[in-house]
Amino acid sequence: MTQNKKTENNPYTSLFSPVKVGSYHMANRLVALPVHTGFAHTNGDVSPWMESLYSRLADSGVGMVIVANAAVSFDGAVSSFNLRVDHNALIPGLSRLAMRIKQKGAIACLQLNHAGRFAKTKRPMLPSPIVSEHLTFNIESLKDFMHFFPFEERFGLTRAFLRQAANWRDAMTAEDRDRVMEDFANAAYRAYQAGFDMVELHGANGYLLCQYLSAFTNKLPPESGFGGDFQGRRAFPLDVVRRVKEKLPKDFPVGFRMILREWVPDGIDLPEALAFATLLENEGIAYLSASVGTYNSILSQEILKEMDRTAYLESDMAKLTARVGIPTIISGRITTPSLADKLVREGTADLIGLGRPLRTDPQWVTKAKYPGKKIIKCINCNWCLKRVVLEKGFNCRLWPQLYQERTTLDHKILTRNNRTLWIISSIDEMQLFKMAQPLVPQMKKEMPFLTILFLLKTADNERNKGKHCSEFDSARLKFIQFIQQRFHHSPNSFNSSREALEIPSNYNIIESDQEWEKTAIDEIRRGNHGRIALCSNPGEFWRERLLYRERGKVMMLLGADHHKQKLPCHHQFDENRVIIPVDLSDVSLLMLRFLQQNYMGKKALRFDFVHVAANHSPQLQQRWSELKRIADLHVQIPLEIIISQGDVVSTLTERIHSRDYKTVVMGKRGLSGMKRWLLGSVSAGVLRQLTGQSLILID
């Protein structure tokens, strides 16, 4: 692959000299290192934000972009927002990501990882159970970890960590090891299918491959074949390398992110790391990217101070580069082009890895090519790391304020994902869903996730009524056919408990004779659904409760007003008026972004944004303009100020009924159940006054 032409008259000739990595030729020595963002969809798929980020990194002028931390299996993800590569349905998103990188002229590499004991799962994979041998060190490292975060976050983090550590009791079995090896191999092959040029195996940061290599976390006996001395502990990561290479085409490059120093008792140190590097080279690894420390060590004050030094890996990297004959990548606060050029020129490393420096200043490479403009340096405040650990997504304090706010907003949208659940319990409700189709955002072709949960009463007195079941099944089949036509999916066979139904791929039909509220909650959690739609029924209070039990979701309660419409007139909803009360808080910002992505531009819907206030104030319209700017809305969207001295609920309900609105869109302000009881909830108050209108509740 040929890339950027050599810049004439550039002083950094070593930095912008060509180099070969695997079967690829890079025109410069710069690599966008993998930095975990926590910005994938909650099902592991690539998000639009990630596509945009990695496209910018590729466009910056680096020779290679390594996409961070793609979990190879369901129990290998370190975050709820972890990129995953554990099943074929994720290949289209990964393919788009690889294409965006390669279109900008950079080599696209996907980092594959299993988080091991740090994974977010009830049964983590780890070499051996935790022991009390280093209890004092573990307690001190936990204190360092907690003191790294604001006081108000520490209690939740401590509880989560102790809950996680309580599961570190069972070692991986032989079957577990074989399955995880195969997971790595299959993930690598999916990366190849998706169009990535390379893969990188993550053997650092204290994750699973590193855990097996380290005597700190691997207490298996020598007779196990995977523990004891260095020869035993190296076995699992080397077996993973071999399994991966067997699965891939012969000339497909595989890199390795390795750890040089673990900084924990009995942990990996430089001599052992160098010996392991030689073994990796012998296995045909294409390059070595070096790192230091794990979550057990990097947050201590001593180590934080060490890692604040410029090019703190320089000495160790010189030894690694001298030891092997394959390209090496140095990282660790390479802040200036002159320093980067010096490290290449002196043979300290073959390539320069830019992690946070390139995120802080995406123009780093351009400014290196054309010196003159000052590079914005990462100040090593670790705010980005704190946000990722707290599951708030990567962000940078040095970014422009507007971009910070949009990034925060984009992360909030991730839990309101496209995984949609429709809850249906009668023939009338099927008809209501048909009528309300303009309110149900059409699935995007690349993310057609829809589950239909049919709730059936299966008591004997109902089951014995064959006519009832026959009518329901017939209506259900027609409804499924309607969905096929609506979303333009080709059907495939699905086996129901009573008959074979033709349904679109990615659609599930679930029957339940359990308690309906529990069944709905279980399915929402199991399927990780971000959007839930059900029909209102005044006699079943669990439906309204469900709206407020689920957090970080979009809940839709369809009202009977839609039955007044007539099918199949194509323009039946031309006058479907939607009222959107906004309080001008961050919740309103979230509502704007959701509506922008799903409803704006639909001719069938007419939106009226309103705000209830005691008096007119210039600040209200100023705040409205600010929210639209953050949401990146460039269309004219007026806000009507309703002046009222009464309570907000009464004012809004009077407006809803007098103007004949069919749909109400509101946000939740995140109040706890006790606060809602004490202070009242505007959305709950409005809901109680609705007489057939639909409510979309965005939390």
Side-chain angles (χ1 to χ4, degrees), residues 416 418-443 450-456 472 475-476 478-480 482-483 486-487 507 510 516-517 519-521 523-524 529-550 553-569 572-581 591 594-595 598-599 602 604-607 653 656-657 660-668 683-684 686-699:
R416 293 85 178 167
N418 282 19
R419 297 188 70 87
T420 302
L421 175 67
W422 293 355
I423 302 173
I424 299 176
S425 64
S426 70
I427 296 174
D428 286 343
E429 290 182 8
M430 295 181 209
Q431 183 71 2
L432 187 53
F433 265 91
K434 288 183 180 180
M435 297 288 186
Q437 280 304 296
L439 295 181
V440 183
Q442 185 166 343
M443 305 299 110
L450 172 61
T451 298
I452 306 174
L453 175 61
F454 284 103
L455 297 174
L456 305 178
F472 192 92
R476 182 171 65 172
K478 291 179 181 178
F479 182 75
I480 292 167
F482 170 81
I483 298 304
R486 172 71 181 173
F487 296 136
Y507 286 64
I510 300 174
W516 284 1
E517 183 173 9
T519 300
I521 292 171
E523 177 56 30
I524 292 170
H529 300 290
R531 308 176 189 188
I532 298 90
L534 69 165
C535 299
S536 62
N537 188 329
E540 297 181 0
F541 299 107
W542 69 268
R543 296 172 184 264
E544 294 184 7
R545 283 199 303 268
L546 190 65
L547 266 63
Y548 288 91
R549 287 193 60 161
E550 294 303 312
K553 309 288 185 183
V554 176
M555 307 295 294
M556 183 182 302
L557 193 67
L558 300 178
D561 268 7
H562 293 298
H563 269 315
K564 301 174 184 178
Q565 308 295 335
K566 295 180 180 180
L567 284 174
C569 176
Q572 60 186 325
F573 287 103
D574 282 349
E575 296 302 321
N576 190 354
R577 303 182 66 186
V578 180
I579 185 171
I580 307 173
M591 291 168 60
F594 178 80
L595 293 169
N598 297 278
Y599 292 107
K602 273 196 172 185
L605 301 174
R606 172 181 165 187
F607 298 100
T653 53
I656 291 167
H657 296 308
D660 194 28
Y661 286 105
K662 297 288 190 300
T663 304
V664 183
V665 180
M666 301 191 72
K668 289 197 296 185
S683 61
V686 169
L687 174 61
R688 287 191 291 268
Q689 300 299 319
L690 296 183
T691 57
Q693 296 87 356
S694 294
L695 174 67
I696 299 176
L697 195 59
I698 302 172
D699 180 24

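All of these numbers come straight from a predicted model, not from anything done at the bench.
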K.L.:
Look at the side chain of Y548 and the backbone N and O of A684, then say whether any donor-acceptor pair between them is shorter than 3.5 Å.
P.N.:
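Yes: the side chain of Y548 pairs with the backbone of A684.
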K.L.:
Can you name the side chain to side chain donor-acceptor pair (under 3.5 Å) partners of E544, sequence neighbours left out?
P.N.:
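Side chain to side chain donor-acceptor pair (under 3.5 Å) list for E544, sorted by chain: empty.
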K.L.:
Given side chains that start at C-beta, do those of W516 and R543 come closer than 4.5 Å, heavy atoms only?
P.N.:
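In contact.
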K.L.:
Determine whether L421 and I524 make a side-chain contact, defined as any pair of heavy atoms from C-beta on separated by less than 4.5 Å.
P.N.:
yes
K.L.:
State which residues pass side chain to side chain donor-acceptor pair (under 3.5 Å) with R416; sequence neighbours excluded, sorted by chain then number.
P.N.:
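Result, side chain to side chain donor-acceptor pair (under 3.5 Å) vs R416: none returned.
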K.L.:
State, yes or no, whether a side-chain contact exists between W542 and R549 at a heavy-atom distance under 4.5 Å.
P.N.:
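With C-beta onward as the side chain, the pair stays apart.
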K.L.:
Holding to side chain to side chain donor-acceptor pair (under 3.5 Å), I want the full list of residues that pass it with R688, two or more places apart in sequence or in another chain.
P.N.:
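Scan of R688 (side chain to side chain donor-acceptor pair (under 3.5 Å), adjacent residues dropped) gives none.
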K.L.:
Between CD of Q693 and CD1 of I579, what distance do you get to the nearest 0.5 Å?
P.N.:
10.0 Å
K.L.:
With a 4.5 Å cut-off on side-chain heavy atoms, are V554 and N598 touching?
P.N.:
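No; the side chains remain at least 4.5 Å from each other.
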K.L.:
With a 4.5 Å cut-off on side-chain heavy atoms, are F433 and F482 touching?
P.N.:
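No, too far: nothing below the 4.5 Å cut-off.
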K.L.:
For the CG atom of L695 and the CG atom of L547, what is their distance to the nearest 0.5 Å?
P.N.:
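L695 CG to L547 CG: 6.0 Å, rounded to 0.5 Å.
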K.L.:
Can you confirm whether M556 sits close enough to I696 that some side-chain heavy atom of one is under 4.5 Å from a side-chain heavy atom of the other?
P.N.:
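Yes - at least one pair of side-chain heavy atoms lies under 4.5 Å apart.
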K.L.:
Do the side chains of F472 and M430 get nearer than 4.5 Å, heavy atoms only?
P.N.:
yes
